Amino acid sequence: MVTTITDGVRVSVETIYQPEYSNPANDHFMFAYKINIENMSAYAVQLISRHWFIFDSNGVKREVEGEGVVGQQPVIEPGNSHEYVSGCNLKTDMGSMKGEYHMVRLLDNALFDVVIPEFHLVAPYRMN
């Protein structure tokens, strides 16, 4: 698990290789990731959008931007957290992702970015 804290918001990420959805013979490797976003600040925040940088070990780089996460723009009260699971497919058995969440502090509508730490997507057999 990797974790970062930005402006009182902690982001923790765990990854899981999905062999049942992967097809290595066709260069298709599927990974799931579980993200926990914890509001350690004194103010309610809302996640507005996300911006991902996805790196495949063959040198391919992608950017993905969009509203919310898995169809939601959660409001996270102080001391609470929001957890979700999503996925990413790669053309190789190794890669990484990182990014940022664009958030708003509801008290004063101040916008700020929260770092999503870089995490590695690695098929288990590559770790031997």
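Remember, it's a predicted structure, so these values are computed and weren't measured experimentally.
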Inset, instruction - Enter the distance from D56:CG to M97:CE here, rounded to the nearest 0.5 Å. - result: 11.5 Å
Inset, instruction - Would you name the heavy atoms of I37 and V9 that are closest together and state the gap between them? - result: CG2-CG1, 3.6 Å
Inset, instruction - For atom CD of Q72, decide whether the heavy atoms of other residues, nucleotides or ligands shown that lie under 6.0 angstrom number more than 12. - result: yes
Legend entry - Nearest heavy atoms of Y17 and P124, plus distance in Å: CD2-CD, 3.4 Å
Legend entry - Any donor-acceptor N/O pair, S81 side chain to N36 backbone, under 3.5 Å: no
Legend entry - Minimum side-chain heavy-atom gap R62-L90 below 4.5 Å: yes
Legend entry - side chain to side chain contact (heavy atoms under 4.5 Å, CB included) evaluation trace for I35 with Y101: CA-CA 12 Å; I35 296 192; Y101 294 124; 3.2 Å; yes
Legend entry - Nearest heavy-atom neighbours spanning K98 and E118: CB-CA, 3.6 Å
Legend entry - Separation of C88 SG from F31 CZ (nearest 0.5 Å): 8.0 Å
Inset, instruction - Using modelled atom types only, decide if a donor and an acceptor are shared between the side chain of R50 and the backbone of G68 within a distance under 3.5 Å. - result: yes
Inset, instruction - Side-chain contact test, heavy atoms from C-beta onward, threshold under 4.5 Å: evaluate it for E83 versus K34 and give yes or no. - result: yes
Inset, instruction - For the pair S57 (side chain) and T92 (backbone), establish whether a donor and an acceptor sit closer than 3.5 Å, ignoring hydrogens and angles. - result: no
Inset, instruction - Spell out, as yes or no, whether a donor-acceptor pair under 3.5 Å connects the side chain of D108 to the backbone of A110. - result: yes
Legend entry - Flag, side chain of S22 to backbone of P24, donor-acceptor distance under 3.5 Å: no
Legend entry - M103-W52 co-clustered via ILVMFWY side chain contacts under 4.5 Å: yes
Legend entry - Side chain R105, main chain A44, donor-acceptor under 3.5 Å: no
Inset, instruction - Nearest 0.5 Å please: distance from the CG atom of L106 over to the CD1 atom of I76. - result: 10.0 Å
Inset, instruction - Specify whether F53 and H51 have parallel, tilted or perpendicular ring planes, treating 30° as the upper limit for parallel and 60° as the lower limit for perpendicular. - result: tilted
Inset, instruction - Please check if the side chain of D93 supplies one atom and the backbone of A123 the other of a donor-acceptor pair under 3.5 Å. - result: no
Legend entry - Heavy-atom pair of closest approach, residues I48 and V104: CD1-CG1, 3.7 Å
